[in-house]
Amino acid sequence: MSLTTPYDDNNIFAKILRGEAPAHKVYEDDQTFAFMDIMPMMEGHTLVIPREPAVNMFDLSEDAATTLIRTTRKVAHAVRGAFDPHGVICAQFSGAPAGQTVFHIHFHIIPSWEGVEMNLHARKMQEADVLADHARRITAKLAT
Ligand code: AMP
């Protein structure tokens with residue numbers, strides 16, 4: 001997958017956006033959607049995606065980039081409020097050599113705590129009820 005790979009409508013995040021695959025949603029609006037990472041690196045690991053079909057930072061429109069970072073900021077505040085971490089990573093990987101594994105652009109929001117080791121990237125599935133509980137905690141903060 002190079003940086004110029006065309007968008008594939010059948011990627012898993014496109015299916016989530018169309019409602020064809022499940023997700024633990026925390027937020028949505030006309031242009032963005034946020035949900036729990038199914039293989040979290042830390043508890044509270046959340047993903048934010050644009051509705052615009054873009055593979056990575058280099059085919060994303062400026063308007064979609066603007067709304068994507070706005071929602072990432074909003075959701076990061078809620079993740080911080082829900083989990084009280086020592087730090088929060090907001091990260092985006094463009095291209096497989098950079099670590100991208102799903103080819104619909106997304107920002108990761110990953111809480112971190114001093115002395116707590118992160119899980120490996122996209123390695124171990126979390127239980128659905130745990131993800132549902134974490135999504136509820138973040139959604140509750142978004143409502144305040
Ligand atoms: P990246 O490697 O930056 O492309 O990140 C893709 C992320 O998507 C990884 O952290 C995966 O754990 C996560 N992921 C893959 N499939 C799903 C899914 N169906 N629902 C939620 N997260 C997913």
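Whatever order the structure lists ligands and atoms in, that order sets their numbers, starting from 1.
- Atoms of ligand 1 lying under 4.0 Å from any heavy atom of His108, numbered from 1 in the order shown and given with element: 1 (P), 3 (O), 5 (O), 7 (C), 10 (O).
- The proximity of His121 to ligand 1, defined as any non-hydrogen pair under 4.0 Å, is limited to the side chain.
- In Gln92, neither the side chain nor the backbone holds a heavy atom less than 4.0 Å from any atom of ligand 1.
- No N or O atom of His45 sits closer than 3.5 Å to an N or O atom of ligand 1.
- Counting heavy atoms from C-beta on, the side chains of Met36 and Ile138 come closer than 4.5 Å.
- Evaluated by nearest non-hydrogen atom to atom 12 (O) of ligand 1, the leading choice among Leu47, Asp37, Ile12 is Asp37.
- Ranking the protein heavy atoms by distance from atom 4 (O) of ligand 1 puts Thr101 N, 2.7 Å first.
- Of the heavy atoms in Phe103, none comes closer than 4.0 Å to ligand 1.
- In terms of polar-atom proximity, defined here as any N/O pair under 3.5 Å, Phe93 makes no such contact with ligand 1.
- The neighbour count for Glu20 CD, taken as heavy atoms of other residues, nucleotides or ligands under 6.0 Å away, is above 12.
- In this structure a side-chain-to-backbone donor-acceptor pair under 3.5 Å is present from Thr67 to Ala64.
- A donor-acceptor contact under 3.5 angstrom links the side chains of Asp29 and Tyr27, judged on distance only.
- In this structure, His106 has its ring center under 6.0 Å from that of His108.
- In this structure the side chain of His24 never reaches within 4.5 angstrom of the side chain of Gln126, judged on heavy atoms.
- Here the heavy atom of the protein found nearest to atom 17 (C) of ligand 1 is Ile38 CG2, 3.6 Å.
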- Message: Let's go through Ile89 and Met118 carefully: what are the C-alpha distance in whole Å and the side-chain angles of both, what is the deciding distance for side-chain contact (heavy atoms from CB on, under 4.5 Å) to 0.1 Å, and is it a yes or a no?
- Response: CA-CA 12 Å; Ile89 297 166; Met118 280 196 193; 3.2 Å; yes
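- Annotation for Arg137: atom CZ counts as buried by contact number, over 12 foreign heavy atoms lying within 6.0 Å.
- Considering backbone and side-chain N/O atoms, Gly99 comes within less than 3.5 Å of an N/O atom of ligand 1.
- Taking a cut-off of under 4.0 Å to the non-hydrogen atoms of Gln100, the atoms of ligand 1 that pass are 1 (P), 2 (O), 4 (O).
- Of all atoms in ligand 1, listed by their number and element, those nearer than 4.0 Å to a heavy atom of Ala122 are 9 (C), 11 (C), 12 (O).
- Applying the 4.0 Å criterion to heavy atoms of Met36 picks out, from ligand 1, the atoms 21 (C).
- The contact set between ligand 1 and His106, taken as ligand atoms under 4.0 Å from a residue heavy atom, comprises 1 (P), 3 (O), 4 (O), 5 (O), 6 (C).
- Shown are Phe103, Phe35, Tyr7; of these, the ring-ring contact (aromatic ring centres under 6.0 Å, His included) with Phe13 is made only by Phe35.
- Against a heavy-atom cut-off of under 4.0 Å, Phe13 is close to the following atoms of ligand 1: 8 (O), 17 (C), 23 (C).
- Here the shortest heavy-atom pairing between Asp37 and Leu131 reads O-CD2, 3.6 Å.
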